[in-house]
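Take a look at the structure below.
Every chain is numbered from 1 and lettered A, B, ... according to where its sequence line falls, protein lines coming before strand lines.
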Amino acid sequence: MAKKPSVPKGTRDFSPQEVAKRNYIMETIKKSFKLFGFQPIETPSFENSDTLMGKYGEEGDRLIFKILNSGDYLSKVEEAIYSEKDSLKITPKISEKALRYDLTVPFARYVVQHQNDITFPFKRYQMQPVWRADRPQKGRFREFWQCDADVVGSDALWQEIELVQLYDAVFSDLGLKGITIKINNRKILSGIAEVIGAEDKLIDFTVALDKLDKIGEEGVKKEMLEKGISQTAIEKLQPLFSFDGSKDDKLKSLSTLLTTSETGKKGIEEVTFVIENAQKLGLKVAQLNLDVTLARGLDYYTGAIFEVSAPKGVQMGSIGGGGRYDDLTGIFGLKGVSGVGISFGLDRIYLVLEELQLFPETVEANTKVLFINFGEAEALYAMQAISNLRAKNIPAELYPDTAKMGKQMTYADKREIPFVVLAGGNEVKANRYTLKNMKSGEQVTVDLNELIEMLGF
RNA sequence: GUGGUUGUAGCUCAGUUGGUUAGAGCGCUAGAUUGUGGUUCUAGAGGUCGCCGGUUCGAGACCGGUCUUCCACCCCA
């Protein structure tokens, strides 16, 4: 045999059982998407490079899978650029297409391109794979699925509230209790940066702050210093590090910190509106928490920022994220369209449900009854019954070969098919069927109507 | 992209300081059982020790490279 075949790093095959479980998650999410009034779209798996490049920050560009041009692509590269051996310069010359990195940027492109056909506010959902040239880790793949719901063309904060409810509805349906929806607002972060005089360092500031629960207070301060944020500025942040208590306490001390920042005050106002109304409406399983250190937003977030973390005790990064972006479509030439959206990380949700054993046993659609094959005449007799069962929506199949019965029974056993029908010469003659329950071992001989009745509950 | 880690039968893994023909459990195939699966018993098949190169009389083991796995960083779902 030749080399053992394999799949590329960070990609996976899915068995029938795995597909069944993934479908269960996707159907659950889709159900809520529809219930909340979102409509599906799909976009190509690859886009023109300039649609994607530069939209996710420097780091993002590195993680985008580039597709090599067709034909003799190297011959078209100018000698000077070629001999320079600078990958960054050569890449755009030899690659003009790239694999989708997320669903939000292609969606923005879609909105701009089809703006005349879209009725705003436009609520769309999209469930497709995305690709990142990242190094794999636990819960981190190079090919994974995102399930996104976004609203564009409305800046009403009720959308944020609905998205919180949407998260709650989906995780409630999945039986995933104890999840936390963390919420923050980019305006609060901007306000803080403004107050401490580090406006020009907003990104570095937020990235460092985001690591608080991971590297601790000292670690954050150290990183901020390294990024060129002054000691006096960092001292002004002190209230943030001892930030605790109820949401009212948090909001009060934030207000004090941000009295001089109009932007900051607007952020507090927004986040208060969302939290208060979401709580008035009630949440089933999710805990909604204000987390001022939450910054993991991509560069384009301008208002609310969301992140969903798995229940405590499950070692997993965020299982969902999202936020508001006031001007995403601006990059593609359509100004003044505000959008807000959330994403569900299908692959990570799968790992969490698996770990907590929350998949219902019924997710695997399986054949309900296997007919033993006794020979040609009996097979025909069996096939007639099978047609009748299938007409009643009962999944049934005939063992294709006239193998030994032990082998056929073993097959049913392995496939976990709950019933077997034995219809040999005696049954054919009597126009009856022997139905065996594989779990209990009991068997009864019945006619076709009784058979349908017994299998069709 | 940086640092570390892993790879031996279909699966999970043993394999001593380098030494004859690389093992176990599970699974698989056949039989005990010609109309009955799971339990039991018996027999059997199955390996280029990830791949390429090097050191050595001799490499599964040591060295280099490469691919893969997992982990940390970066970043993220």
Each nucleotide N or O in nucleotides 42-46 of chain B that has a protein N or O under 3.5 Å away: list the pair and distance.
none

Taking N and O atoms by type only, does the side chain of A:R140 place a donor or acceptor under 3.5 Å from a partner on the base of B:C71?
no
Below 3.5 Å between N/O atoms, which protein atoms pair up with nucleotides 65-70 of chain B? Just atom names and distances, please.
unit_1 : atom_1 : unit_2 : atom_2 : d
B:U69  : OP1    : A:G10  : N      : 3.4

Relative to the 5' end of RNA chain B, which residue comes earlier, A:I215 or A:G424, by the nucleotide with the nearest heavy atom?
A:G424
Does a distance-only test, which skips hydrogens and angles, find a donor-acceptor pair under 3.5 Å between the side chain of A:E416 and the base of B:G37?
no
Dot-bracket notation for RNA chain B, counting Watson-Crick and G-U pairs under 3.5 Å, with | for partners on another strand:
((((..(..((((.....[...)))).(((((.......))))).....(((((..]....))))))..))))....
Presence of A:K214 side-chain N/O under 4.0 Å of B:C73 phosphate oxygens OP1/OP2:
yes
Stacking here means centres under 5.5 Å and planes under 30°; does A:F144 stack on B:A77?
yes
When you check every protein heavy atom under 4.0 Å of nucleotides 26-33 of chain B, what one-letter string (B, S, -) results, 5' to 3'?
--S--S--
Lys/Arg-Asp/Glu bridge criterion (N-O < 4.0 Å) met for A:K21, A:E354:
yes
Assess whether a salt bridge exists between A:D150 and A:R124, defined as any Lys/Arg side-chain N lying under 4.0 Å from an Asp/Glu carboxylate O.
yes
Using a 4.0 Å heavy-atom cut-off, does A:G139 contact any base of the nucleic acid, only the sugar-phosphate backbone, or nothing at all?
base
Listed pairs under 3.5 Å, donor-acceptor, residues 22-32 of chain A side chains, sequence neighbours left out:
unit_1 : atom_1 : unit_2 : atom_2 : d
A:R22  : NH1    : A:D347 : OD2    : 3.0
A:T28  : OG1    : A:Y24  : O      : 2.7
A:K31  : NZ     : A:D173 : OD2    : 3.0

Would the base of B:U36 count as contacting A:Q443 through its side chain, where contact means a donor and an acceptor less than 3.5 Å apart?
yes
Once side chain to side chain donor-acceptor pair (under 3.5 Å) is applied, do any residues pair with A:K123, and if so which ones, sequence neighbours excluded?
none
